[in-house]
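Here the structure is laid out as structure tokens; the discussion comes afterwards.
Chain letters run A, B, ... following the sequence lines, proteins first, then strands; residues in each count from 1.
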Number of protein chains: 2
Amino acid sequence: MAKNLQEKILATASELFYSQGIRATGVDAIAKAANTTKMSLYKYFPSKEELVIAFLRKRDEDFRTWFVAQVDAKAADPKDKLLAIFDVIGEWMDIPEFRGCAFINASAEFPLEGNPVHQLSVEFYDKFRHYIADLAGQCGAKSAESLALQLSLLVEGAIVSEQMKRHSGAAEQAKQAAIMLINGSLT
Amino acid sequence: MAKNLQEKILATASELFYSQGIRATGVDAIAKAANTTKMSLYKYFPSKEELVIAFLRKRDEDFRTWFVAQVDAKAADPKDKLLAIFDVIGEWMDIPEFRGCAFINASAEFPLEGNPVHQLSVEFYDKFRHYIADLAGQCGAKSAESLALQLSLLVEGAIVSEQMKRHSGAAEQAKQAAIMLINGSLT
DNA sequence: ATTGTAGTATACCGCTCGGTATACTACAAA
DNA sequence: TTTGTAGTATACCGAGCGGTATACTACAAT
């Protein structure tokens with residue numbers, strides 16, 4: 001069960017961190033939920049903070065990989081991909097485990113700018129915005145950076161809105177707004 | 001110092017809750033920062049949760065009052081007010097104490113839908129969206145509800161974005177996007 | 001002078017937190 | 001058969017958590 005245990009601990013911790021919040025999840029609870037002990041946990045992760053960082057790093061990797069794959073599967077043209085982003089977000093929100101964006105939540109729980117957890121959240125959204133800016137550039141938007149930032153605001157707003165109140169149609173409205181902004185930026 | 005102490009405790013707690021997070025702020029720290037004792041604190045607030053609720057209730061009151069006053073001071077016409085919203089948000093973000101939206105943060109710290117803290121956050125944004133929808137209706141938007149939701153997504157997105165990375169121009173980009181959406185909805 | 005009220009001081013409660021020490025079992029490689 | 005490795009079990013640490021008990025001071029109203 002060598003490497004397996006480490007991964008299981010991380011997976012269990014990730015689920016608890018995401019669903020209940022990081023501060024609300026104790027180390028004992030993680031060990032118990034993973035059917036192991038604190039001793040084993042601390043063999044792989046020297047501190048809770050390191051475990052949190054590992055959680056966010058993996059989340060960054062996994063989510064972005066999953067996300068672009070989803071977008072690619074829905075559209076080939078860069079402009080269509082920009083719109084597909086909102087469809088993917090909308091589908092993501094519909095799964096019952098959805099509890100908002102792990103990075104937005106983490107940066108709310110650790111608000112100090114210097115905090116490494118906060119920093120990882122910043123990096124995630126930088127990459128995300130860069131991904132959108134790339135697409136915007138490919139379809140010849142007037143100002144790709146501006147459009148990308150505007151679209152990312154819609155995405156983040158939709159996530160936060162949906163987290164507070166489920167099934168409020170945030171993703172759809174975000175997409176409608178995105179259509180206007182994209183068309184306006186391509187004329 | 002009768003009623004004064006209660007208010008001072010609430011004010012101190014509010015500042016700590018907002019700047020550090022709710023879970024990260026202990027009752028002892030609040031009492032010490034307010035130059036009083038836990039005994040006095042618990043005379044006015046039967047539990048920490050009640051103190052948190054009092055904090056959010058007052059914040060709801062104060063913020064919305066302050067916000068519409070700011071908007072009213074900047075514009076008279078409903079359409080101009082819709083745009084002024086983003087100027088006010090932008091100025092709010094520039095104050096050094098800005099740490100995002102207390103309600104978004106609270107709902108991230110208490111993600112369970114049934115939680116009273118989470119519920120207060122939902123109510124706040126319902127009122128906020130309703131305020132925008134009113135303005136949108138006054139200036140004859142095609143679909144006031146849709147426009148209001150879209151604009152609120154931009155606002156929330158800008159707040160979250162600015163909270164993660166300061167001075168990224170989120171409010172300005174949100175305003176540019178809002179102009180397009182509003183004009184599109186008024187034609 | 002008495003009594004009630006507002007607030008303080010301090011010590012304490014049980015519990016949980018993040019983290020560690022020690023001694024154990026199971027097993028595989030040499 | 002030894003030795004190293006992976007993991008378990010359990011008890012413990014100091015500190016902080018939310019919350020309470022008791023006894024105190026200051027002061028104003030009657």
- Is the A:F128 ring parallel, tilted or perpendicular to the A:Y125 ring (thresholds 30°, 60°)? perpendicular
- Note on the structure: Taken to the nearest whole Å, CZ/A:F17 to C1'/C:dG18 is 12 Å
- Separation of D:dC17 P from B:Q20 CD (nearest whole Å): 11 Å
- Where the side chain of B:K48 is concerned, which of C:dT20, D:dG18, C:dT8 is the nearest nucleotide? D:dG18
- Note on the structure: Separation of C:dG19 atom P from A:I9 atom CD1, nearest Å, is 14 Å
- Would you say A:S19's side chain and A:E15's backbone share a donor-acceptor pair under 3.5 angstrom? yes
- d(CG, B:L51; P, D:dG18) in whole Å: 10 Å
- Task: Give a yes or no on whether A:K127 atom NZ has more than 12 heavy-atom contacts from other residues, nucleotides or ligands under 6.0 Å away.
- Result: yes
- Message: Against the six-membered ring of A:Y18, is A:R59 placed for a cation-pi contact (under 6.0 Å from the centre, within 45° of the normal)?
- Response: yes
- Measure from OH on A:Y42 to P on D:dA9 and round the result to the nearest Å. 18 Å
- Just how far, in rounded Å, is C1' of C:dG18 from CD of A:E50? 14 Å
- Item | Nearest-nucleotide 5' precedence on DNA chain D, A:K38 against A:K43 | A:K43
- Can you check the B:D28 CG to C:dA9 P distance for me, whole Å? 15 Å
- Provide, to the nearest angstrom, the distance between the NZ atom belonging to A:K32 and the C1' atom belonging to C:dT16. 12 Å
- Message: Any side-chain N or O of A:T37 below 4.0 angstrom from OP1/OP2 of D:dA9?
- Response: no
- Task: Sort out the partner of C:dC12 for me: Watson-Crick or G-U wobble, both distances under 3.5 Å, none otherwise.
- Result: D:dG19
- Query: For A:P46 and A:A29, take the nucleotide of DNA chain C holding the closest heavy atom to each; which residue's nucleotide lies nearer the 5' end?
  - Reply: A:A29
